[in-house]
Undergrad: 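Sharing a structure here in structure tokens format.
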Number of protein chains: 4
Amino acid sequence: MPISEDQMTKMQAKRKKILEQAILLFSEHGYNDTTIAKVAKASGVSFGSVFTYFPTKDDLFHQAVMEPLEEISKLLLDFDENASNPLEELEEMVTMHIKIFSEVNKYLRLVVQVIGQYTRFENQFKELDQFHNTFREKIQILVKNGQTKNQLKQLDTHFTVTSYTSLLIGLRVNLADEPDEEYWLKFVPSAMQIFGPMDT
Amino acid sequence: MPISEDQMTKMQAKRKKILEQAILLFSEHGYNDTTIAKVAKASGVSFGSVFTYFPTKDDLFHQAVMEPLEEISKLLLDFDENASNPLEELEEMVTMHIKIFSEVNKYLRLVVQVIGQYTRFENQFKELDQFHNTFREKIQILVKNGQTKNQLKQLDTHFTVTSYTSLLIGLRVNLADEPDEEYWLKFVPSAMQIFGPMDT
Amino acid sequence: MPISEDQMTKMQAKRKKILEQAILLFSEHGYNDTTIAKVAKASGVSFGSVFTYFPTKDDLFHQAVMEPLEEISKLLLDFDENASNPLEELEEMVTMHIKIFSEVNKYLRLVVQVIGQYTRFENQFKELDQFHNTFREKIQILVKNGQTKNQLKQLDTHFTVTSYTSLLIGLRVNLADEPDEEYWLKFVPSAMQIFGPMDT
Amino acid sequence: MPISEDQMTKMQAKRKKILEQAILLFSEHGYNDTTIAKVAKASGVSFGSVFTYFPTKDDLFHQAVMEPLEEISKLLLDFDENASNPLEELEEMVTMHIKIFSEVNKYLRLVVQVIGQYTRFENQFKELDQFHNTFREKIQILVKNGQTKNQLKQLDTHFTVTSYTSLLIGLRVNLADEPDEEYWLKFVPSAMQIFGPMDT
DNA sequence: AATGAATGAGAATTCATTCAT
DNA sequence: CATGAATGAATTCTCATTCAT
């Protein structure tokens, strides 16, 4: 092997650094106003090096949108849709989601850009849309279970869940770069309301 | 100076046409990918004419964001926060808002872009933010009245109303270019839930 | 009409100037080493103006190869293949061809580049090749007439004429930028030999 | 130093392989479109290895033009200018030359590029020109001998011989990548005509 | 000697803006 | 006022060359 393990590690780190800075810049300034030169400078690498790791600017953007999705989607799907106490699980889930959305500020702004211009960023949009479907389906099961157990009102689950995910993304849009988790958590009750919890 | 009224009318029409097309193009393709040449072509006017009506591209964008706001804000604020039956008024208001959001697709995508990149479009963002505050304040009064009359649960009005506006904008993001008003109206119940209507 | 005739004339002149300089530069330095900046400078126009007249560099090259062809092909085909005295006509034709080839130095170097890299300049090559066929066919008729009248030896006309055109282009290659018409004319007897004139 | 003979052989082979591929690529795609990376890939060696054998791209091109010349020039000069039967020798020579030109297609395209852009490839051109002179001088002697023996017409030998070499290079340009030796050999009579053989 | 990551100079192309007609 | 040619700054991407491993 011509490449030592040490070098591999360094390269991985370099790639990661570039991608991180790209996400930051893309999310703040958009696709066009984020030049490769700016990304290179922010990452502390040379201009040409960006092209060593990402063949085109399009590719860099694509990876900036796609790579974090895997990790974040795991976190967002980390709840038990068949929990014995659906209402309790739902509240835990909402709390978790709110926390996550309060944290991954920059990346979500990138997501909003992609969705907002889905014709321009078609490929990325498709993948995000696919996750959105998976996401909603899993929540729907939990909601149905809650309704079966009479913990939730008999609302249409499709519209309920779509409203919930819309609230999440809408908060991220409206709260701009509000970083205070405490503040975010105050939206948990409103979010819960959407699911129509039975008064007890 | 010696400009006939007829000419004035024509120029107004031309300006309006340019602005309309600019909104469409800006919302679909973003600021940078919308060139003046494309706007001119879409409007059926010459290249240089755009500059006759809007001194710079920045200005064109600014007007594209600001001018429709006046009209739309009037529509959105068209409810009686001191109605004698707050819950009924609230439901009417929500229905109206959902209808409006289902209709002004293109413009709202433009709004999302501005909010999503508020550092880049600072001036426009400020004005939108200002309206957002006015908007929320008026709704808050209605909600408080509803709570006083025990039609609504005693939820924190600030967070409730911000959740409501977030849901609206979030729906616009999530439903992309869904144009069917019938479909949109199905979200009214979910939106109402946020305000915690008392079961009757 | 928004453009005055005067302006049209100026633009035509500008376009011509750019094309002329492009031919010179392309022929001397090749496609890649001829930058648009150099063409602009040589033509005394601004960088961007080149793009006003020729959308891409490829297009500029294409026109540089194609446009002069029309005029030159007319000159080269200006002989009477059915002349009553074919041998005399042939000698006049050869003399004319040699003169032309001695004059259009730069352009022919461009032609040699295209032919030499016909895979790279496929489109241009095809058109040149087409002319080459037309050119040879017309000469072949004259040669056949000369053979019928026993003024020329019974040589295979296809190979004879292809040899003749090869000699012409080969001379242009070998004589590099020799500009002296007198010198060039000394090759007429050699060129005539190819056709196998009967000794008289 | 301590380099085994075995290693030397391997390196020589590697160098040869690189040069062969370089000739192919340069001749087909020209200097600029032939990147070091492409040469490396075609040769099956690593990117950096090309630089081990050829310090710069210029040098690689230089060697690609120069190294084959030695061998080919020997072949082209392999005739007896003082043969007792000059005409017979001339015909044998022409046949041999035509065969050689039909074979070394790729390299000759490279030669045409150098001559066609002699200002750009000055050094290489000078050496090719030098050979051209040597080549013509030797043929001239043979032609003069043929004229002395009244086997050839009294034509100017300089122009005759230059016409002959022009025909050769012109055929290589015109016949593009025609590989059929049989076809090429049909040009021998035309080539012979240039020397003005006496009818017998 | 071999490898390929790192670098940055250089090139084509786009496009807002200016301005003469 | 309308038009569109002229301009050049800015951007992406390529690639020869260097150099650490």
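All figures in this text were calculated on a predicted structure; none of them were measured in a lab. Letters A, B, ... are given to chains in the order of the sequence lines, protein chains preceding strands, and every chain is numbered from 1.
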Undergrad: Should E:dA1 form a Watson-Crick or G-U wobble pair with both distances under 3.5 Å, which nucleotide is its partner?
TA: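 Partner of E:dA1: none.
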Undergrad: Using Watson-Crick or G-U wobble geometry with both distances below 3.5 Å, tell me the partner of E:dG10, or none.
TA: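 Because both required distances fall under 3.5 Å, E:dG10 counts as paired with F:dC13.
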Undergrad: In terms of side-chain heavy atoms, does D:H29 have a donor or acceptor partner in C:Q117 at a distance below 3.5 Å?
TA: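 D:H29 vs C:Q117: no donor-acceptor pair found between side chains.
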Undergrad: Using heavy atoms to find the nearest nucleotide of DNA chain F for D:P55 and B:V45 separately, return the residue whose nucleotide is more 5′.
TA: B:V45
Undergrad: Could you check how far CG of C:D33 sits from C1' of F:dT14, rounded to whole Å?
TA: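 After rounding, the gap between these two atoms is 15 Å.
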Undergrad: Within 45° of the axis and under 6.0 Å from the centre of the six-membered ring of D:Y53, does NZ or CZ of D:K16 qualify?
TA: no
Undergrad: Can you tell me the distance, in whole Å, between the NZ atom of B:K38 and the P atom of E:dC15?
TA: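 Going from NZ in B:K38 over to P in E:dC15 covers 6 Å.
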Undergrad: Mind calculating the distance between CZ (A:F54) and P (E:dA6) to the nearest angstrom?
TA: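 Distance, rounded to whole Å: 12 Å.
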Undergrad: C:K41 NZ to F:dA6 C1': how many Å, rounded?
TA: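 Atom NZ in C:K41 sits about 19 Å away from atom C1' in F:dA6.
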Undergrad: Kindly point out which of F:dA5, F:dT14, E:dT18 is positioned nearest to the side chain of A:F47?
TA: F:dT14
Undergrad: Using the side-chain heavy atoms of B:F51, tell me which of these nucleotides is nearest: E:dT3, E:dT18, F:dA6.
TA: E:dT18
Undergrad: Mapping D:T56 and C:K14 to their closest nucleotides on DNA chain F, which lands nearer the 5' end?
TA: C:K14
Undergrad: Taking atom OG1 of C:T34 and atom CZ of C:F61, what is their separation to the nearest 0.5 Å?
TA: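 CZ of C:F61 is found 9.0 Å from OG1 of C:T34.
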Undergrad: Spell out, as yes or no, whether a donor-acceptor pair under 3.5 Å connects the side chain of B:Y107 to the backbone of B:V65.
TA: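 Pair found, side chain donor or acceptor close to backbone of B:V65.
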Undergrad: So A:Y53, base contact, sugar-phosphate only, or nothing? Heavy-atom distance under 4.0 Å.
TA: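 Result for A:Y53 = sugar-phosphate.
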Undergrad: Tell me which of D:G48 and B:Y31 sits closer to the 5' end of DNA chain E, going by the nucleotide each one is nearest to.
TA: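 Looking at DNA chain E, the more 5' nearest nucleotide goes with D:G48.
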Undergrad: Measure from CG on C:D58 to C1' on E:dT13 and round the result to the nearest Å.
TA: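 From C:D58 CG to E:dT13 C1': 12 Å.
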Undergrad: Has B:T52 got a side-chain N or O lying under 4.0 Å from the OP1 or OP2 atom of F:dC1?
TA: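 No.
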Undergrad: Once you round it to whole Å, what is the distance between P of E:dA5 and CD1 of D:I36?
TA: 17 Å
Undergrad: Over all strands shown, is D:T35 touching base, sugar-phosphate only, or nothing at heavy-atom distances under 4.0 angstrom?
TA: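 The answer is sugar-phosphate, as D:T35 gets under 4.0 Å only of primed atoms, P, OP1 or OP2.
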Undergrad: Which pair of non-hydrogen atoms, one from B:L25 and one from B:A42, has the smallest distance, and what is that distance?
TA: CD1-CB, 4.0 Å
Undergrad: On DNA chain E, does the nearest nucleotide to C:N32 precede the nearest nucleotide to B:K57 from the 5' side, or the other way round? Give the residue.
TA: C:N32
Undergrad: Measure the distance from CZ on C:F61 to C1' on E:dT13 and round it to the nearest whole Å.
TA: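 Spelled out: CZ on C:F61 to C1' on E:dT13 is 19 Å.
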Undergrad: Counting Watson-Crick and G-U wobble pairs only, both distances under 3.5 Å, name the nucleotide matched with E:dA20, or none.
TA: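 E:dA20 is paired, partner F:dT3.
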Undergrad: Could you work out which one of E:dT21, E:dT3, F:dA9 sits closest to the side chain of C:K10?
TA: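 When the side chain of C:K10 is considered, E:dT21 is the closest of E:dT21, E:dT3, F:dA9.
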Undergrad: Quick one: which of E:dA2, E:dT17, F:dA6 gets closest to the side chain of D:S46?
TA: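 It is E:dA2.
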Undergrad: Regarding C:K57 and the six-membered ring of C:F26, is the cationic atom NZ or CZ under 6.0 Å from the ring centre and inside 45° of its axis?
TA: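 No; the conditions do not both hold, so C:K57 does not lie above the ring face of C:F26.
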Undergrad: Which whole-number value in Å describes the distance from B:I18 CD1 to F:dA2 C1'?
TA: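 To the nearest whole Å, that distance equals 11 Å.
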